[in-house]
Amino acid sequence: MGQDAAAKHADDSVTSDVGLLRIDHVGVAVADLDEAVEFYTRVFGMTCVHIEENTDQGVREAMMSVGPTTEGGCVQLLAPLSPASAIAKFLDRSGPGVQQVAYTVRDVEVAAAVLRDRGMRLLYDAPRRGTAGSRINFVHPKDAGGVLVELVEPPR
Ligand code: V0V
């Protein structure tokens, strides 16, 4: 991107009305979280910056920082807590691999409203709790070219 384009892009007045700010993380479904954390650390040299259990989402997850800081983006490793979990279903159907792409948004309710207006099905009527107190919603993969899109509003 040229300097002018980069400057324009950084200007709030011309960024998307959905309020996308950056790629927050890429979510990868795994069967065993501890094994996957060990693999991403040993093979790719990523750093585990956060681990939590989210019973609402049926997952145990680890946020892996790609670069020296999370500004370089993260891979979120997702393991199912039970056979009913969305991750268990994904593993059954597709095996381990990329399950979602997540974007940081300025305001998840605004992003969801704009996307609904554009005919996207949002999975939740209201945002739910995501990693580390974030607020999240998802666009159905069938409306987004086969990609489960997560919207993440970081905690304030
Ligand atoms: C299903 N499909 C997918 C998909 N999951 N396509 C791409 N990526 C995925 N992840 C396809 C599937 O192959 C079917 O295609 C079609 O969608 C409908 O399938 P379905 O039987 O309705 O699928 P289900 O029952 O597995 O449900 C899919 C949805 C479910 C997306 C509705 O996974 C869900 O509610 N996900 C949102 C919650 C979530 O993923 N939580 C875990 C991450 P055909 O066969 O019809 O062509 S938690 C998280 O990210 C956190 C905590 C965080 O970031 O903070």
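Only heavy atoms go into these numbers, but all of them, side chains included; no hydrogens, no water, no symmetry mates. Order of appearance sets the numbers: ligands from 1, and atoms from 1 within every ligand.
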Fill in: Polar side-chain atom of Asn54 near backbone of Val59 as donor-acceptor pair, under 3.5 Å
no
Worksheet entry | Distance-only donor-acceptor check, side chains Gln100 and His25, under 3.5 Å | yes
Discussion item. When you compare the side chain of Val28 with that of Tyr40, does any pair of heavy atoms fall below 4.5 Å?
Written reply: yes
Discussion item. Starting from Val66, can I reach Val37 by hopping between I/L/V/M/F/W/Y residues whose side chains sit under 4.5 Å apart?
Written reply: yes
Worksheet item: Identify the closest protein heavy atom to atom 31 (C) of ligand 1: which residue and atom is it, and at what distance?
Response: Pro141 CD, 3.7 Å
Discussion item. At less than 4.0 angstrom from any non-hydrogen atom of His25, what atoms of ligand 1 do you find?
Written reply: 54 (O)
Fill in: Note, Phe138 side chain near Val149 side chain (heavy atom, < 4.5 Å)
no
Discussion item. Exactly one of Leu77, Thr131, Ile51 should register a side-chain contact (heavy atoms from CB on, under 4.5 Å) with Glu61. Which one does?
Written reply: Thr131
Fill in: Main-chain N/O of Pro127 paired with Glu109 side-chain donor or acceptor, under 3.5 Å
no
Item to complete: Give the single entry among Arg128, Glu53, His140 that approaches atom 18 (C) of ligand 1 most closely by any heavy atom.
Response: His140
Worksheet item: Counting heavy atoms only, which of Arg129, Met63, Gln57, Glu61 comes nearest to atom 48 (S) of ligand 1?
Response: Gln57
Response to the item:
The answer for which part of Lys89 has a heavy atom under 4.0 Å from ligand 1 is side chain
Fill in: Atom pair CZ/CD of Arg106 and Glu153 - distance to nearest 0.5 Å
11.0 Å
Practice prompt. Measure the distance from atom 50 (O) of ligand 1 to every protein heavy atom, then report the residue, atom name and distance (to 0.1 Å) of the closest one.
Written response: Gln100 NE2, 2.9 Å
Worksheet item: Any N or O of Gln76 that comes nearer than 3.5 Å to an N or O of ligand 1?
Response: yes
Worksheet entry | Closest protein heavy atom to atom 7 (C) of ligand 1, given as residue, atom name and distance to 0.1 Å | Gly146 O, 3.1 Å
Item to complete: Distance to 0.1 Å, residue and atom name: give those for the protein heavy atom nearest to atom 28 (C) of ligand 1.
Response: Arg93 NH2, 4.7 Å
Worksheet item: Tell me, which protein residue and heavy-atom name are nearest atom 8 (N) of ligand 1, and how many Å apart are they?
Response: Gln99 O, 3.8 Å
Fill in: Carboxylate-amine/guanidinium contact Arg118 Asp143, below 4.0 Å
no
Worksheet entry | Distance flag for atom 23 (O) of ligand 1, protein heavy atom under 4.0 Å | yes
Item to complete: Evaluate side-chain contact (heavy atoms from CB on, under 4.5 Å) for Tyr103 paired with Val152, printing each intermediate quantity in order.
Response: CA-CA 6 Å; Tyr103 301 112; Val152 183; over 6 Å; no
Discussion item. If we only consider heavy atoms of Ala102, is any one of them less than 4.0 Å away from an atom in ligand 1?
Written reply: no
Response to the item:
If you scan protein heavy atoms around atom 55 (O) of ligand 1, the nearest is Thr131 N, 2.7 Å
Worksheet entry | Atoms in ligand 1 flagged as close to Asn54, the criterion being non-hydrogen separation under 4.0 Å | 52 (C)
Practice prompt. Tell me which protein heavy atom sits closest to atom 14 (C) of ligand 1, plus the residue, atom name and distance to 0.1 Å.
Written response: Lys142 CE, 3.9 Å
Response to the item:
Among non-hydrogen protein atoms, atom 29 (C) of ligand 1 lies closest to Leu123 CD1, 4.5 Å
Worksheet item: Under 4.0 Å from any heavy atom of Gly130, which atoms of ligand 1 are there?
Response: 55 (O)
Discussion item. I'd like to check which ligand 1 atoms, numbered from 1 as shown, lie under 4.0 Å from a non-hydrogen atom of Ala86.
Written reply: 33 (O), 39 (C), 40 (O)
Discussion item. Quick check against the 3.5 Å criterion: does Ser85 have a side-chain atom that pairs as donor or acceptor with the backbone of Pro80?
Written reply: no
